Amino acid sequence: MPEGPTIKFLAQKLQKFVGEKVTEASGYGEMDKSKIDNIKLENIETFGKNLIFLFKDFFVTAHFGLFGSMKINERKKVNASFALHFTNDEINFYVTRTKLYEGKPQDYFNFKTDILKPEFDQKLILETLQNKFSKKMIGDVLMDQSIFTGVGNIIRVEVLYRSKIHPESIVEKIPVKKLKELIKITAYYAEEFLILMTNDCVKKDAIVYAKKVCPIHKTDLEIEKMGKVKRTTYWCKKCQKLYN
DNA sequence: AGTCATGTTGACGA
DNA sequence: CTCGTCAACATGAC
């Protein structure tokens with residue numbers, strides 16, 4: 001269900017709970033929930049595909065994996081893996097993995113890599129690509145959460161098409177100008193994705209993801225589980241140049 | 001009904 | 001030790 005923008009969308013929906021008192025937490029997940037006991041929810045934010053609930057001295061991350069979902073004041077038939085209870089409300093999470101951390105998110109996460117944060121640092125991303133990922137295929141690197149935090153398969157496929165870069169291109173062979181363009185387009189498309197979320201148009205408005213034909217050339221798209229990520233990748237070999 | 005998926009982790013063996 | 005492979009995940013859309 002989630003890529004970074006999906007999680008940010010959920011975080012926005014939950015803002016009304018900020019400042020409220022959490023009476024208790026429940027769920028079959030293994031995380032120790034004893035500290036969440038009549039405590040104020042200080043803030044809700046995100047890091048990539050993690051939803052973050054901040055309390056005074058600690059915080060909890062919630063990750064949806066592939067099947068995760070969330071309901072506000074509604075329950076599904078199956079038990080929740082995690083739930084936050086308020087005096088009159090509850091937030092239920094299904095198939096969601098949670099983890100509790102002491103301290104602040106900034107102690108653990110570098111917001112400069114998060115494609116949806118104002119702190120997203122395009123120059124840092126370019127340097128990291130050149131220094132640590134130069135021999136790798138760009139289609140693989142885009143899915144790496146340590147450098148493109150929040151990118152999922154839809155974003156990966158769409159930004160490669162929009163940048164006209166073949167997914168199997170090797171990072172060091174791609175002209176710097178093209179790499180910069182790719183990074184910029186990734187941040188831009190992440191914002192677009194978030195807007196499309198509100199109208200449920202992400203898949204409908206995707207250009208190549210889960211499509212069959214390139215809209216420019218009217219020719220069949222390549223559809224393959226490429227690289228190490230082995231995720232279904234859609235590309236047009238006429239539009240997207242292979243640098244290798 | 002079978003298949004496939006917006007994701008990650010941990011087990012296992014080479 | 002490190003890498004590839006595979007399953008698992010109270011799932012859900014087509």
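These numbers were taken from a predicted model, which means no experiment stands behind them. What you see below is based on every heavy atom in this structure, not just the backbone, and it leaves out hydrogens, waters and symmetry mates. Chain naming here is simple, since letters A, B, ... match the order of the sequence lines and numbering starts at 1 in each.
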Side-chain donor-acceptor pairs under 3.5 Å in residues 41-60 of chain A, sequence neighbours left out?
unit_1: A:Lys49; atom_1: NZ; unit_2: A:Val151; atom_2: O; d: 2.9
unit_1: A:Asn50; atom_1: ND2; unit_2: A:Phe47; atom_2: O; d: 3.4

Show me, pair by pair, the donor-acceptor contacts under 3.5 angstrom made by side chains of residues 176-185 of chain A, not counting sequence neighbours?
unit_1: A:Lys178; atom_1: NZ; unit_2: A:Ser163; atom_2: O; d: 2.8

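Residues forming a side-chain contact (heavy atoms from CB on, under 4.5 Å) with A:Lys16 (at least two apart in sequence, or on another chain): none. Applying the ring pair (Phe, Tyr, Trp, His ring centres under 6.0 Å) test to A:Phe9 and every residue at least two apart in sequence or in another chain returns nothing. The side-chain contact (heavy atoms from CB on, under 4.5 Å) search around A:Lys112 returns A:Asn110, A:Asp121, A:Leu124, not counting sequence neighbours. Under the rule for a side-chain contact (heavy atoms from CB on, under 4.5 Å), the partners of A:Ser134 that lie at least two apart in sequence or sit in another chain are A:Glu172.
Glycosidic conformation at C:dA10 (O4'-C1'-N9-C4 for purines, O4'-C1'-N1-C2 for pyrimidines): syn, within 90° of 0.
A:Phe109 has its ring centre less than 6.0 Å from the ring centre of A:Tyr101.
Within the structure, no pair that satisfies the ring pair (Phe, Tyr, Trp, His ring centres under 6.0 Å) test touches residues 20-46 of chain A, not counting sequence neighbours.
Between the P atom of B:dT8 and the CD atom of A:Glu3 lies a distance of 9 Å, rounded to the nearest Å. The interatomic distance linking A:Ile7 (CD1) with B:dT8 (P) rounds to 10 Å, in whole Å. In this entry the distance linking NZ of A:Lys211 with P of B:dC4 reads 18 Å, nearest Å. Atom CZ in A:Phe64 sits about 13 Å away from atom C1' in C:dT11, given to the nearest Å. For A:Phe93 and C:dT11, the CZ to P distance is 18 Å, given to the nearest whole Å.
No more than 12 heavy-atom neighbours from other residues, nucleotides or ligands sit within 6.0 angstrom of NZ on A:Lys136. In the displayed structure, A:Gln15 atom CD is contacted under 6.0 Å by more than 12 heavy atoms of other residues, nucleotides or ligands.
C:dC9 and B:dA5 are spaced 13 Å apart, taking the C1' atom of each and rounding to whole Å. Distance noted for atom C1' between C:dT11 and C:dA7: 16 Å (whole Å).
We find the CG-CE distance between A:Leu84 and A:Met70 to be 10.5 Å, quoted to the nearest 0.5 Å.
A:Thr232 comes within contact range of the sugar-phosphate backbone alone, with a heavy-atom separation under 4.0 Å but no base atom that close. In this structure, A:Lys99 reaches neither bases nor backbone, as no heavy-atom distance under 4.0 Å exists between it and the strands shown. At the heavy-atom level, A:Phe193 lies under 4.0 Å from base atoms of the strands shown.
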Original post:
Dot-bracket for DNA chain B: what is it, with Watson-Crick or G-U pairs under 3.5 Å, [ ] where a pair crosses earlier ones, and | for a pair to another strand?
Top reply: .||||.||||||||
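Residues from residues 142-171 of chain A lying near DNA chain B, meaning a heavy-atom separation below 4.0 Å, are A:Met143, A:Gln145, A:Gly152, A:Asn153, A:Ile154 in numerical order. Interface residues of residues 72-85 of chain A facing DNA chain B, ordered by number: none; criterion, heavy-atom separation under 4.0 Å.
Between A:Ser26 and A:His85, the side chains place a donor N or O and an acceptor N or O closer than 3.5 Å (distance only, hydrogens not considered). Between A:Thr233 and A:Arg156, the side chains place a donor N or O and an acceptor N or O closer than 3.5 Å (distance only, hydrogens not considered).
With hydrogens and angles ignored, the 3.5 Å screen pairs a side-chain donor or acceptor of A:Tyr108 with a backbone N or O of A:Glu102.
Geometrically, A:Lys117 engages A:Phe111 in a cation-pi contact, judged by NZ or CZ lying under 6.0 Å from the ring centre and within 45° of the ring axis.
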Just the atom pairs and distances: protein N or O near nucleotides 11-14 of chain B's N or O, under 3.5 Å.
none

For nucleotides 2-9 of chain C, print each protein N/O atom paired with a nucleotide N/O atom at under 3.5 Å, atom names and distance only.
none

**OP:** Check step by step if side chain to side chain contact (heavy atoms under 4.5 Å, CB included) holds for A:Met143 and A:Phe148.
**Re:** CA-CA 7 Å; A:Met143 279 299 267; A:Phe148 284 107; over 6 Å; no
